[in-house]
Amino acid sequence: MLHLNAFLMGVGHHEAAWRLPESDPFAQTDVAHFQRLARIAERGKLDSLFLADSPVLWNSIGRRPSGTLEPTVLLTALAAVTEHIGLIATASTTYNEPFNLARRFASLDHISGGRAGWNIVTTAGVDAARNFNLDELPAHRDRYERAAEFVELSLKLWDSWDDDAPLGDKEAGRWGDDDLLYPTEHTGRHFRVAGPLNVPRSPQGYPLLVQAGSSEDGKELAARYAEAVFTAQQTLAEAQAFYRDLKQRAAQAGRDPDTVKILPGIVPAIGSTEAEALALEAELDRLIRPEYARKQLATTLRVDPEVLDLDRELPADLPSEDEIEGAKSRYTLIVTLARRERLTVRQLIGRLGGGRGHRTFAGTPEQVADAIEEWYRSGAADGFNIMPPVLPSGLETFVDHVVPILQRRGLFRTEYTGTTLREHYGLPRPANQFTRQPAAV
């Protein structure tokens, strides 16, 4: 079965969605707006919701709605109005500490009854670094080394309580068994943590681990730890190559490749006819303010905005990938897209305005379902990160018109059969690494 995740972003992934008459330009801080989206996604039996995050105010606030609620806090509010759908939040390993973050995700897993997921990111950009007592962005390799130790330590903390440690024995007056706590006693290059965690082991054991980097270091991290991978791929061939590569890396890391679910992003502009879908896409692109978008593109490409002529292709003398310390994979994707299709800067801005490098697709519900099925059956994806260009209408249209087609084709569930996010993704609850196995008889 396909796995479908709803990537929620304000009033939509297209940067000009907030300018449509239907959109509330202040919805990004409205809990009721996100609760409505969560209920729509759950009505469609989607596996999970996903909230992106960065510990920095990115974009000019003139460009699009800015300022976002902290995702693990917001997801507790969404847990209260849903029963089945998974709840995935982004959190940085560069600008958090393992104990605090492990506690936060364990708490969310308890609150939601086992529906939490953590999207592990290392966070690119010097602006974020300067919010955390740093003058410069830590080197790419250093961030990923820290991330690996961060995840290992988090796993130790989540396993620092045995499942049987809480007793609640009123008769004996004994709430728990101290012998079933496992002090972490971690000393590494980046962290020293005594443990144990101050939250019992959660319903899933630990949250679903998600990763979204596509650089070499990012893929290595995903191969070691990720159970779902969010990725941006523009063509079927690129997606197939990424899929094969990551599955092979997982196998080389001693893991079952089938337990690593790869979910490319897709931004579907859906209309009752193809012409209607293309008209929606064109209207959104028309509403982009190129002066803002050019500045953002220049920041991503590490060039002066003045060298980006809106009606010419990208300059030939851009920095090489080796010179890029943050968001390497996104830099490569953007430059490759522009070069391959010989896009002008204005055209590139339009493509990125819809999905920031993710695949955009305009068509009827049947055509969107066909596009999803083709990649799924061609070994390019285990499912998709659905990124509606406009919210809530784009999500409603996908749930009410695309999902039923996938269900009729036998590609997607018609009912939830599990209660936890791991069960939605067909993954077992992990055993506690510290539990003493009974002696063989």
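Predicted model, so just to flag it, every value in this text is computed and none were measured.
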Sub-4.5 Å side-chain heavy-atom contact between Leu49 and Phe34: no

So, Glu373 side chain and Leu406 main chain: donor-acceptor pair closer than 3.5 Å or not? no

Over 60° means perpendicular and under 30° means parallel, so tell me whether His3 and Tyr425 are parallel, tilted or perpendicular. parallel

Any side-chain heavy atom of Pro138 within less than 4.5 Å of one from Arg146? no

In sequence, state the C-alpha distance, the side-chain angles, and the governing distance for Leu287 and His14, and then conclude on side chain to side chain contact (heavy atoms under 4.5 Å, CB included). CA-CA 10 Å; Leu287 293 173; His14 197 288; over 6 Å; no

Test item: Glu423 and Thr417 side chains (from C-beta on) under 4.5 Å apart, heavy atoms: no

Is atom CZ of Phe132 surrounded by more than 12 heavy atoms (other residues, nucleotides or ligands) closer than 6.0 Å? yes

So do Leu78 and Leu75 actually touch side chain to side chain, heavy atoms under 4.5 Å? yes

Is there side-chain contact between Arg115 and Thr82, with heavy atoms separated by less than 4.5 Å? yes

Under the side chain to side chain contact (heavy atoms under 4.5 Å, CB included) criterion, do Lys156 and Tyr182 qualify, and how do the steps go? CA-CA 9 Å; Lys156 291 179 182 179; Tyr182 311 117; over 6 Å; no

Least distance between heavy atoms, Arg255 atom then Ala226 atom: NH2-O, 2.7 Å

Might you work through the side chain to side chain contact (heavy atoms under 4.5 Å, CB included) test for Arg377 and Leu411, ending with a clear yes or no? CA-CA 10 Å; Arg377 293 197 183 281; Leu411 295 172; 3.3 Å; yes

Could you measure the distance from the CG atom of Leu8 to the CD1 atom of Ile386? Nearest 0.5 Å is fine. 11.5 Å

Rounded to the nearest 0.5 Å, how far does CD1 of Ile85 lie from CG of Asn5? 8.0 Å

Would you say the side-chain atoms of Asn96 pair up with the backbone N or O of Ser92, donor to acceptor, closer than 3.5 Å? yes

Using only atom types and a distance under 3.5 Å, with no angle test, would you say the side chain of Gln35 pairs donor to acceptor with the backbone of Ala77? yes

Which atom of Leu155 lies closest to which atom of Gln433, heavy atoms considered: O-NE2, 3.3 Å

Any ion pair linking Arg201 and Asp159 (charged N to carboxylate O, less than 4.0 Å)? yes

If we ignore hydrogens and angles and just use 3.5 Å, is the side chain of Thr184 paired with the main-chain N or O of Val193 as donor and acceptor? no

Kindly indicate, with the supporting measurements, whether the criterion side chain to side chain contact (heavy atoms under 4.5 Å, CB included) is fulfilled by Ile61 and Leu57. CA-CA 9 Å; Ile61 66 168; Leu57 178 63; 3.9 Å; yes

Flag side-chain contact, heavy atom, 4.5 Å: Ile372 against Val368: yes

All pairs passing side-chain hydrogen bond (donor to acceptor under 3.5 Å, both in side chains) where residues 240-250 contributes a residue, at least two apart: Glu216-Arg249, Lys219-Asp245, Glu220-Arg249, Tyr243-Asp382, Asp245-Arg249, Lys247-Asp382

Could Arg189 and Glu149 be called an ion pair, given the rule that one side-chain N must be under 4.0 Å from one carboxylate O? no

Are the side chain of His186 and the backbone of Glu152 linked by a donor-acceptor contact shorter than 3.5 Å? no

Checking Phe50, Trp18, Phe7 against His13 for ring pair (Phe, Tyr, Trp, His ring centres under 6.0 Å), the one that qualifies is Phe7

Report yes if the side chains of Arg339 and Leu318 come closer than 4.5 Å at any heavy-atom pair, otherwise no. yes

So do Leu87 and Leu421 actually touch side chain to side chain, heavy atoms under 4.5 Å? no

Salt bridge (Lys or Arg N to Asp or Glu O under 4.0 Å) between Arg429 and Glu227: does it pass, once the steps are laid out? CA-CA 12 Å; Arg429 186 176 189 267; Glu227 294 158 310; over 6 Å; no

Which residue pairs satisfy the salt bridge (Lys or Arg N to Asp or Glu O under 4.0 Å) criterion with at least one member in residues 38-52, sequence neighbours excluded? Arg43-Asp400, Lys45-Glu415, Asp47-Arg413

Kindly say whether the aromatic ring centers of Phe150 and Trp118 come within a distance under 6.0 Å. yes

In this structure, OG1 of Thr93 is separated from CG of Leu101 (nearest 0.5 Å) by 9.0 Å

Over all atoms of both residues, closest heavy-atom pair of Pro55 and Tyr95: CG-CD1, 3.7 Å

What's the shortest heavy-atom distance between Thr72 and Ala89, and which atoms? CG2-CB, 3.8 Å

Side-chain donor-acceptor pair under 3.5 Å between Asn119 and Thr90, yes or no? yes

Solution key, residues 388-399 side-chain donor-acceptor pairs under 3.5 Å, sequence neighbours excluded:
{"residue": "Ser393", "atom": "OG", "partner": "Glu22", "partner atom": "OE2", "Å": "2.8"}
{"residue": "Glu396", "atom": "OE2", "partner": "Arg36", "partner atom": "NH2", "Å": "3.4"}
{"residue": "Thr397", "atom": "OG1", "partner": "Ser393", "partner atom": "O", "Å": "3.0"}

Rounded to the nearest 0.5 Å, how far apart are CG of Leu221 and OG of Ser215? 9.0 Å

For Glu70, does its backbone N or O pair with a side-chain atom of Asp53 as donor and acceptor, under 3.5 Å? no

Which heavy-atom pair separates Val199 from Ala106 by the least distance, and what is that distance? CG1-CB, 4.0 Å

Shortest non-hydrogen contact from Glu281 toward Ala269: CB-CB, 4.5 Å

Hydrogens and angles aside, do Thr364 and Glu366 bring a side-chain donor and acceptor to less than 3.5 Å of each other? no

So OG of Ser160 and CG of Leu153: to nearest 0.5 Å the spacing works out to 10.0 Å

Check whether NZ of the Lys or CZ of the Arg Arg422 lies under 6.0 Å from the centre of the six-membered ring of Tyr206 and within 45 degrees of that ring's axis. yes

